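Data block below; observations after.
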Amino acid sequence: MSVGTIWVLAEVAEGGVASITHEMLAKARQLSDDVVAVFGGDGASIAEEVGAHGAGSVLATGDLGGALPGPSIAGAMAAAIAGGAAPKAIMVGTTYGGRDVAGRLSVKLDAPVITNIVDLADEGGLVGTEPIFGGASNVKTKFTSDKPGIFLIRPKSFEAEATGGGAAAVSALDVPDLGATGTAVVTNSFVEASEGPKLDEAAVVVSGGRGLGESDKFELIEGLAAKLGAAPGASRAIVDAGWVPYSYQVGQTGKVVKPDVYIAAGISGATQHLVGMKGSKTIIAINKDAEAPIFGVADLGIVGDVHKVLPQLLEALNARG
Amino acid sequence: MVEFHTSLAWEIGHKRRKLTAMKVAVCVKQIPDPADPGALDEATKCLKRDTKLILDESDSYGVEMALQLVDAAGGGEVVLISMAPNSEVNGLRTALAMGADQAILVSDDALAGSDALGTAKVLAAAIQRAEPDLVLAATESSDGYTGTVPEQIAELMGLPSVTFAKSIVAADGTVNVQRQTEAGYDDVTCPLPCLVSVTAGVVEPRYPSFKGIMAAKSKPVDEVTIADLGIDAGSVGWAGAGQEIVAVEEAPAREAGEIIEDEGEAYQRIVSFLDELKVI
Ligand SMILES: Cc1cc2nc3c(=O)[nH]c(=O)nc-3n(C[C@H](O)[C@H](O)[C@H](O)COP(=O)(O)OP(=O)(O)OC[C@H]3O[C@@H](n4cnc5c(N)ncnc54)[C@H](O)[C@@H]3O)c2cc1C
Ligand SMILES: Nc1ncnc2c1ncn2[C@@H]1O[C@H](COP(=O)(O)O)[C@@H](O)[C@H]1O
């Protein structure tokens, strides 16, 4: 069964193709036998990897010369569509670059974007599923026009899957003149140092929230994470407070994580936090308030003080060697 | 054949002001209090908006940033732009009390049901009236969180943009922005006029002072309709929304877990639990 051509915005992370791209390719492959990766860069550099994950071809703009990629990619997609390309759906990841592409493209096509999608199904037309109220309900939405459907997909919604396909055939996607809209330029990139497993890939995540009381107490989280070979994470409250960098944030505006075990310490469990971690296999929560919403999703809930429980836990784990 | 939306060309002859006077337009959304759990209206499948609306906290960062940029430029103006039902000004007053100079409010029954693109069309037309050097918005609203409105506004206005700003400095007709990335941040340079969307943490919003609250009461709020903006009712609201909700379903709930009150020994249960899970 095929719904027609699906374009998947391909992005790279740390040299390789980003996991969100792999995830979207896997879903696109289930829905369509014509899956095209669209890339703002050198197509040859990703052809093999996206081919192995289900893309039959790559449309690539070539090097963008430091321009912020959103306007170029959206401009090139719109120009191709004006020139006759007719993707049924365009899947774009909810990433920094992805949202720019979706927003610009939406205006160029005068077509809406369906956002925060965690599932996509063919029900006589593509229907996207968006979780609301922290995942308590799901809203299903479809487009009402024949224009290409732009879907912004949340990371970790689909299982990446290698199909064993060969390198995808690359063809050029021309970037039209963008006028003023193409004038934002990246002059420098900074990478924040991080050790241990990556937050969105770790099998175990230990996250801390405002219940830790003060910045220095994040040590408790780092200590436990190190002991368990886990990635440390955080609620937005303590990211905004400047205790830890933004890259630690789990939730709607942060990372989506699906580890085997998620430990939430001093986190209330606001809906915006829950949407980022509710998919974890097992959840352990420590909070001194028995009414905290985090207990609603916890497999093991400890009603207690993090300043007592965490040091005891760490000591016990250390004693085991 | 795809129809291209005619971009509202940035007004020809828009003179780039010297940065000694910077005019900043800030999009501020007025939303139901997020502390209220909220509910969907059965009939319309939209979030109910029948209570008094407040300033979206996410936009308080944009307001503060605008005030600081105007201050650093040695003068100028902060104009708030909002689209809200029922002539709502409660959230605007909060932002005016922080120090913004004036507001443009678009309120029109025809706007009920607008999707992000419809909203962006309305906001872009309203911003156009203010002829700002810089447009600020939040990366995403607290209630709608599509996160696409700012970039849609930029495209409609034919402006460059930088999303996810964690710091902004304006000088000599350009902005230098630290833009959040997956791994850290990028330095991005962009000529004015442009749009920048800000993250929480770009600046610390001030609390309105008593004096500010009093002053806000007499600051101008220009309320306009879509007709005033030259927008066709068919392109916004329910009529213009190109998407339709087909179902709202309860998500399967997680099974209730084991809850224990810590009496000094609870850590042992975590250890045994981690053991069962073979994490240790
Ligand atoms: C648009 C938008 C997007 C957002 N995105 C995110 C997001 O991506 N991620 C995110 O996390 N949040 C997000 N939020 C914020 C979210 O709504 C909450 O404000 C935030 O998650 C709260 O963080 P917290 O649980 O650390 O703090 P709080 O809600 O203040 O909770 C602290 C908890 O610690 C407990 N506690 C206090 N002392 C102790 C102690 N000694 N021992 C044990 N427990 C203790 C308290 O009982 C309380 O439950 C977003 C909000 C908005 C509006
Ligand atoms: N109705 C509105 N009035 C004013 N600004 C808005 C409105 N809707 C969205 N915005 C702006 O666009 C940002 C992103 O909104 P959204 O795309 O809905 O997540 C918001 O944080 C506001 O800055």
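Below, read A as the first sequence line, B as the second, and so on, with proteins coming before strands; counting in each chain starts at 1. The shown structure was predicted, so the numbers you read here are calculated from the model rather than taken from an experiment.
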From the list A:Val101, A:Val204, A:Ile263, A:Ile283, the residue making the most non-hydrogen contacts under 4.5 Å with chain B is A:Ile283
(request) Let me see the working for B:Asp186 and A:Ser189 under side chain to side chain donor-acceptor pair (under 3.5 Å), right down to the final yes or no. (result) CA-CA 4 Å; B:Asp186 285 348; A:Ser189 287; 2.7 Å; yes
Comparing A:Ile302, A:Leu300, A:Ile114 against chain B, the one with the most heavy-atom pairs below 4.5 Å turns out to be A:Leu300
Q. Got more than 12 heavy atoms from elsewhere within 6.0 Å of CD, B:Glu57?
A. no
Looking only at B:Thr181, B:Asp115, B:Val162, most heavy-atom pairs under 4.5 Å shared with chain A are made by B:Thr181
Checklist entry - Quick one: does A:Val309's side chain get under 4.5 Å of B:Ile270's, heavy atoms only? => result yes
* Between the main-chain N or O of B:Ala200 and the side-chain N or O of A:Arg236, is there a donor-acceptor pair closer than 3.5 Å? -> no
Self-check item: 4.5 Å side-chain heavy-atom contact, A:Leu317 and B:Ile280
Solution: yes
(Q) Has A:Arg99 got a side-chain atom pairing as donor or acceptor with B:Thr148's backbone, closer than 3.5 angstrom? (A) no
Taking CD in B:Glu249 as the centre, count heavy atoms belonging to other residues, nucleotides or ligands within less than 6.0 Å. Is the count above 12? yes
Closest heavy-atom pair, B:Glu155 versus A:Thr181, reported as atoms and distance to 0.1 Å, is OE1-CG2, 4.3 Å
Among residues 237-247 of chain A, residues within the sub-4.5 Å heavy-atom range of chain B, in order of number, are A:Asp240, A:Tyr246, A:Ser247
Item to complete: Kindly indicate whether the side chain of B:Thr146, heavy atoms from C-beta on, has any atom under 4.5 Å from the side chain of A:Asn116.
Response: no
Cut-off 4.5 Å, heavy atoms of chain B, and the answer for A:Val191 is both
4.5 Å side-chain heavy-atom contact, A:Lys142 and B:Gln243 = no
Is any side-chain heavy atom of B:Leu274 closer than 4.5 Å to a side-chain heavy atom of A:Leu228? yes
Fill in: Parallel, tilted or perpendicular, as decided by the 30° and 60° cut-offs, for the rings of B:Phe164 and A:Tyr96
perpendicular
Shortest non-hydrogen pair, A:Ala180 vs B:Pro160, comes out as O-CB, 3.3 Å
Across all chains, not counting sequence neighbours, the side chain to side chain contact (heavy atoms under 4.5 Å, CB included) partners of A:Glu123 are A:Ala121, A:Val127, A:Lys140
- Check whether the side chains of B:Asp187 and A:Thr187 place a donor and an acceptor atom closer than 3.5 Å, and report yes or no. no
If you tally heavy-atom pairs under 4.5 Å between each of B:Glu255, B:Arg179, B:Glu261 and chain A, the highest tally belongs to B:Arg179
Comparing A:Glu192, A:Lys227, A:Gln312 against chain B, the one with the most heavy-atom pairs below 4.5 Å turns out to be A:Gln312
If one checks every heavy atom of B:Ala241 against chain A at 4.5 Å, the contacting part turns out to be backbone
- prompt: Are A:Asp299 and B:Arg254 ion-paired here, with the side-chain N under 4.0 Å from a carboxylate O?
  reply: yes
Check your understanding: What's the verdict on side chain to side chain contact (heavy atoms under 4.5 Å, CB included) for A:Leu313 and B:Gln268, showing C-alpha distance, side-chain angles and the deciding distance?
Key -> CA-CA 7 Å; A:Leu313 175 60; B:Gln268 289 173 1; over 6 Å; no
When the 4.5 angstrom heavy-atom criterion is applied to A:Leu314 and chain B, the contacting part is neither
So, the part of B:Ala266 with a heavy atom under 4.5 Å from chain A: the answer is both
Ranking A:Gln272, A:Lys308, A:Glu315, A:Gln252 by heavy-atom pairs under 4.5 Å to chain B gives rank one to A:Gln252
Across all chains, not counting sequence neighbours, the ring pair (Phe, Tyr, Trp, His ring centres under 6.0 Å) partners of B:Tyr61 are none
Whatever's closer than 4.5 Å to a heavy atom in chain A on B:Ala154 counts as both
Residues 128-139 of chain A vs side chain to side chain donor-acceptor pair (under 3.5 Å), sequence neighbours excluded, gives none
Please check this pair: side chain of A:Thr141 against backbone of B:Glu244, looking for a donor-acceptor N/O pair closer than 3.5 Å. no
Student check: side-chain heavy atoms of A:Thr282 and B:Phe273 closer than 4.5 Å | yes
Ignoring hydrogens and geometry, is there a side-chain-to-backbone donor-acceptor pair from A:Thr183 to B:Pro191 under 3.5 Å?
no
So, the part of B:Ser161 with a heavy atom under 4.5 Å from chain A: the answer is both
With chain A, the option among B:Glu250, B:Glu182, B:Lys166 that has the most non-hydrogen atom pairs under 4.5 Å is B:Glu182
Are B:Lys121 and A:Asp110 ion-paired here, with the side-chain N under 4.0 Å from a carboxylate O? yes
One option among B:Asp262, B:Ile260, B:Ile245, B:Val248 has the most heavy-atom pairs under 4.5 Å with chain A, and it is B:Ile260
Assert top hit (heavy-atom pairs under 4.5 Å, partner chain B, pool A:Thr115, A:Asn188, A:Thr94, A:Val139) equals A:Asn188
Comparing B:Thr139, B:Val175, B:Asp275 against chain A, the one with the most heavy-atom pairs below 4.5 Å turns out to be B:Asp275
One option among B:Pro252, B:Ser142, B:Ser235, B:Gly264 has the most heavy-atom pairs under 4.5 Å with chain A, and it is B:Gly264
Highest number of heavy-atom pairs under 4.5 Å with chain B among A:Gly103, A:Gly83, A:Gly304 belongs to A:Gly103
Bottom line for B:Val271: the part with an atom under 4.5 Å from chain A's heavy atoms is both
Looking only at heavy atoms, the pair that brings B:Tyr145 and A:Pro131 closest together is OH-O, 3.9 Å
- [ ] Please tell me if the side chains of B:Leu277 and A:Lys281 come closer than 4.5 Å, counting only heavy atoms from C-beta onward.
- [x] no
